[in-house]
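This report refers to the structure that appears directly beneath it.
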Amino acid sequence: MHYNYCPKCGMKLTDKMAGDDGKVPFCERCGQYWFDSFSSCCIVLVANQYHEIALLRQMYMSDQFASFVSGYITPGENAEESAVREVKEELGIDIERLEYAGTYWFAAKELLMHGFIGFASKADFRLSSEVDSAAWVSALKAPETMFPDRPGNAMYPIYRKYLKTVGLSEE
Ligand SMILES: [Zn+2]
């Protein structure tokens, strides 16, 4: 998000040089720069000991088992805490080991996605009301229903890292 008005006092911002960053919107009244901002999310591929991954079906997005757990990082927590919390909230699953899987820019929503692979023991899901259903799906079959592999979809780079990590890909 690019600021034209000060989010604190509402005054129109002026461009002011800010060192190496060049011109940045500045509030004369508050004496503060307002750098472009974006939200941070976590996205977690949850996998069990049988090489199955958790796919979520959320009817407002798709009628397929198409997505991984994801959610906004809230102020005060780090990306890892957010990943563990979201998996617990959405699936009722406890992550036993978390691996970082890189960051991805999602331009359509101006989001920085923090990717993780979360390893857990297979258990029944206890779903939040945000999730219509979820399934443990054989990892190699997951792409049959996952959202399509296209630029901006962080699921696939994380998925490929997972395959490599557990020795399911030949790369
Ligand atoms: Zn201001």
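In this chain, numbering begins with 1 at the start of the sequence shown.
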Please examine the side chains of [Y] and [X], heavy atoms only from C-beta on, and report whether any two atoms are closer than 4.5 Å.
X: Phe68; Y: Ser70; answer: no
X: Tyr159; Y: Leu45; answer: yes
X: Tyr72; Y: Cys42; answer: no
X: Ile53; Y: Tyr162; answer: yes
X: Ile117; Y: Lys161; answer: yes
X: Asn48; Y: Trp136; answer: yes
X: Glu80; Y: Phe116; answer: yes
X: Val24; Y: Lys16; answer: no

Indicate, with yes or no, if [Y] and [X] share a hydrophobic cluster defined by side-chain heavy-atom contacts under 4.5 Å among Ile, Leu, Val, Met, Phe, Trp and Tyr.
X: Val131; Y: Ile95; value: yes
X: Phe119; Y: Val69; value: no
X: Leu127; Y: Tyr60; value: no
X: Val84; Y: Val44; value: yes
X: Leu163; Y: Val46; value: no

I need the [X] [atom1] to [Y] [atom2] distance, nearest 0.5 Å.
X: Arg160; Y: Ser169; atom1: CZ; atom2: OG; value: 10.0 Å
X: Phe147; Y: Tyr156; atom1: CZ; atom2: OH; value: 10.0 Å
X: Met11; Y: Cys6; atom1: CE; atom2: SG; value: 9.0 Å
X: Met155; Y: Met146; atom1: CE; atom2: CE; value: 4.0 Å
X: Met1; Y: Tyr3; atom1: CE; atom2: OH; value: 5.5 Å
X: Ser128; Y: Gln58; atom1: OG; atom2: CD; value: 7.5 Å

Exercise. Could you give me the CA-CA distance, side-chain angles and deciding distance for Glu86 and Lys88, then say whether salt bridge (charged side-chain N to carboxylate O under 4.0 Å, His left out) is met?
Key: CA-CA 5 Å; Glu86 288 288 348; Lys88 183 76 175 172; over 6 Å; no

Quiz item: Should the ring pair Tyr100 and His114 be called parallel, tilted or perpendicular, given that the plane angle runs from 0 to 90° and is split at 30 and 60?
Solution: tilted

Exercise. Could you tell me how the ring of Tyr33 sits relative to the ring of Phe35: parallel (under 30°), tilted (30 to 60°) or perpendicular (over 60°)?
Key: tilted

Which atom pair, heavy atoms only, marks the closest approach of [X] to [Y]?
X: Asp36; Y: His2; result: OD1-ND1, 2.7 Å
X: Gly92; Y: Arg126; result: O-NH2, 3.1 Å
X: Val87; Y: Ile93; result: CG1-O, 3.5 Å
X: Ile158; Y: Gly115; result: CD1-CA, 3.7 Å
X: Ala66; Y: Ser62; result: CB-OG, 3.8 Å
X: Gly10; Y: Tyr5; result: O-CD2, 3.6 Å

Quiz item: Would a distance-only check, ignoring hydrogens and angles, find a side-chain to backbone donor-acceptor pair under 3.5 Å from Glu81 to Asn78?
Solution: yes

Exercise. Please check if the side chain of Arg57 supplies one atom and the backbone of Phe65 the other of a donor-acceptor pair under 3.5 Å.
Key: no

Counting only heavy atoms from other residues, nucleotides and ligands, does the tally under 6.0 Å from [atom1] of [X] exceed 12?
X: Glu130; atom1: CD; result: no
X: Lys12; atom1: NZ; result: yes
X: Asp15; atom1: CG; result: yes

Quiz prompt | Check ion pair Glu89-Arg85 (N to O, under 4.0 angstrom) | solution = yes

Quiz prompt | Glu52 vs Val137, side chain to side chain contact (heavy atoms under 4.5 Å, CB included): CA-CA, chis, key distance, verdict | solution = CA-CA 5 Å; Glu52 293 172 326; Val137 177; over 6 Å; no

Self-check item: Worked check of side chain to side chain contact (heavy atoms under 4.5 Å, CB included) between Ser133 and Phe125
Solution: CA-CA 9 Å; Ser133 53; Phe125 299 119; over 6 Å; no

Practice problem: Take Gln49 and Lys122, measure what side-chain hydrogen bond (donor to acceptor under 3.5 Å, both in side chains) needs, and give me the verdict at the end. | Solution: CA-CA 7 Å; Gln49 70 272 41; Lys122 186 169 185 175; over 6 Å; no

Quiz item: Using a distance-only test with no angle check, is there a side-chain donor-acceptor pair under 3.5 angstrom linking Glu110 and Ser39?
Solution: no

